[in-house]
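The next block holds one structure in the form of structure tokens; read it before the comments.
No experiment lies behind these values; they were computed from the predicted model shown.
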Amino acid sequence: MFTNKERQEERIGKNGTPRLQFLQELVSQFQNATDQETKERIVANLGNFAYDPYNYTILRQLNVLELFIDCLTEPNEKLVEFGIGGLCNACADPKNVATIVEADGIPLIIKCLSSPVRNTVNYAIGVLYYMCDYNRATREEILRAEVVDLIERYAAADSVSVSFSNLAKAFLDKHAHAYT
């Protein structure tokens with residue numbers, strides 16, 4: 001459920017932890033964590049906060065989007081999955097897309113299209129879907145022939161995965177086929 005300042009104050013009460021402080025604590029815990037399971041849990045938790053527009057400014061302030069992008073470079077498939085999931089939750093906001101673009105996240109997101117993890121691929125298609133609306137240069141970087149070809153293969157794979165196929169078809173209908 002989306003929140004606003006008044007609802008947030010009701011939820012935390014007089015002695016609760018403000019959202020900024022809570023998210024800062026999560027980021028610090030991630031930075032200090034040594035075991036992979038703890039990092040996975042924290043990134044998944046941060047990704048859950050990324051769906052709510054109330055948190056967007058805080059996430060940018062704390063460089064959480066960059067943390068998600070960094071997770072895409074990890075050999076741990078769970079960190080990649082939760083990192084791309086966090087980006088997918090946040091990318092409906094143009095300011096978040098700008099942050100992702102400025103952090104050179106597009107090539108890493110495109111790489112996620114080849115992941116063996118289904119959720120990672122779905123999230124990657126979703127992120128690219130929203131990012132194509134950002135500006136012409138971003139759209140052109142995403143709509144390279146090899147990327148469109150891969151997404152077309154997902155669109156044609158409805159007997160393997162209906163979710164890949166439907167999302168890929170929506171992507172192609174809105175972005176690739178609209179500009180050809």
Side-chain angles (χ1 to χ4, degrees), residues 30 36-37 39-53 55-56 59-60 63-180:
F30 178 84
Q36 294 295 303
E37 205 171 296
K39 286 185 171 195
E40 292 167 7
R41 182 181 46 76
I42 294 168
V43 173
N45 200 350
L46 287 167
N48 287 335
F49 282 98
Y51 83 93
D52 191 339
N55 299 319
Y56 289 168
L59 295 173
R60 286 191 303 271
N63 298 317
V64 173
L65 299 172
E66 290 86 345
L67 184 149
F68 291 150
I69 292 168
D70 288 344
C71 287
L72 303 184
T73 66
E74 294 290 328
N76 179 329
E77 289 293 342
K78 286 285 188 193
L79 283 177
V80 174
E81 176 185 355
F82 297 147
I84 192 73
L87 292 175
C88 190
N89 284 347
C91 71
D93 181 74
K95 289 180 182 177
N96 291 342
V97 172
T99 300
I100 296 165
V101 170
E102 290 167 13
D104 295 322
I106 294 174
L108 296 170
I109 295 164
I110 290 171
K111 185 178 175 189
C112 288
L113 292 172
S114 300
S115 172
V117 179
R118 287 180 180 237
N119 282 341
T120 298
V121 175
N122 266 340
Y123 293 144
I125 295 171
V127 173
L128 295 172
Y129 180 91
Y130 284 106
M131 290 185 75
C132 276
D133 287 332
Y134 179 62
N135 65 30
R136 184 180 179 145
T138 300
R139 184 173 46 254
E140 288 174 359
E141 184 177 355
I142 293 168
L143 294 178
R144 295 188 331 257
E146 61 271 18
V147 176
V148 172
D149 180 59
L150 184 55
I151 293 175
E152 284 175 340
R153 284 189 269 154
Y154 285 127
D158 53 353
S159 63
V160 176
S161 174
V162 174
S163 66
F164 284 173
S165 179
N166 288 343
L167 188 53
K169 286 175 184 175
F171 177 94
L172 294 169
D173 289 346
K174 182 169 183 183
H175 299 297
H177 299 155
Y179 294 100
T180 56

From CG (N45) to CD (E40), nearest 0.5 Å: 13.5 Å
Those residues that, when tested against L108, pass side chain to side chain contact (heavy atoms under 4.5 Å, CB included) (two or more places apart): I69, L72, T73
Residue pairs, two or more places apart or on separate chains, that pass salt bridge (Lys or Arg N to Asp or Glu O under 4.0 Å) and touch residues 92-111: R60-D93
Expected output: side-chain N89 to main-chain G47 donor-acceptor under 3.5 Å: yes
Residues K174, C132; criterion side chain to side chain contact (heavy atoms under 4.5 Å, CB included); working and verdict: CA-CA 9 Å; K174 182 169 183 183; C132 276; over 6 Å; no
D149/R153 salt bridge by N-O under 4.0 Å criterion: yes
Heavy-atom side-chain contact between V80 and C112 under 4.5 Å: yes
Stepwise side chain to side chain contact (heavy atoms under 4.5 Å, CB included) test for I42 and L46: CA-CA 6 Å; I42 294 168; L46 287 167; 4.1 Å; yes
Pairwise side-chain contact, E141 with V147, heavy-atom cut-off 4.5 Å (strictly under): no
Interatomic spacing from NE2 in H177 to CZ in F171 - rounded to 0.5 Å: 10.0 Å
Shortest non-hydrogen contact from A124 toward I84: N-CG1, 3.8 Å
Shortest non-hydrogen separation from E66 to A103 and the atoms involved: CG-CB, 4.2 Å
T99 side chain to N96 side chain, donor-acceptor N/O pair below 3.5 angstrom: no
Exam field: side chain H175 to backbone Y129, donor-acceptor pair closer than 3.5 Å: yes
Atom of C91, atom of V127 and distance for their closest heavy-atom approach: SG-CA, 3.7 Å
Spatial distance of atom CD1 (I151) from atom OG (S165) [nearest 0.5 Å]: 12.5 Å
Closest contact, heavy atoms only, R144 versus E146: NE-OE2, 2.7 Å
Nearest heavy atoms of A168 and Y154, plus distance in Å: CB-CB, 3.8 Å
Reported CG-to-CZ distance for the pair N63 and F68, which is rounded to 0.5 angstrom: 12.0 Å
Salt bridge (charged side-chain N to carboxylate O under 4.0 Å, His left out) between R41 and E37, intermediate numbers included: CA-CA 6 Å; R41 182 181 46 76; E37 205 171 296; over 6 Å; no
Spacing of CD1 belonging to I100 relative to CD1 belonging to I109, to within rounding of 0.5 Å: 5.5 Å
Non-hydrogen side-chain atoms of E77 and P116 separated by less than 4.5 Å: yes
Heavy-atom side-chain proximity of I106 to I110 below 4.5 angstrom: yes
Atom NZ of K39: over 12 foreign heavy atoms under 6.0 Å: yes
Minimum heavy-atom distance A50-G86, with the two atoms named: CB-O, 3.5 Å
Side-chain donor or acceptor of N135 paired with backbone N/O of T138 under 3.5 Å: yes
Rounded distance (nearest 0.5 Å) linking atom CG of L167 with atom CG of L128: 9.5 Å
Within 45° cone of Y134 ring axis and under 6.0 Å: R139 NZ or CZ: no
Any side-chain heavy-atom pair of P94 and Y130 under 4.5 Å: no
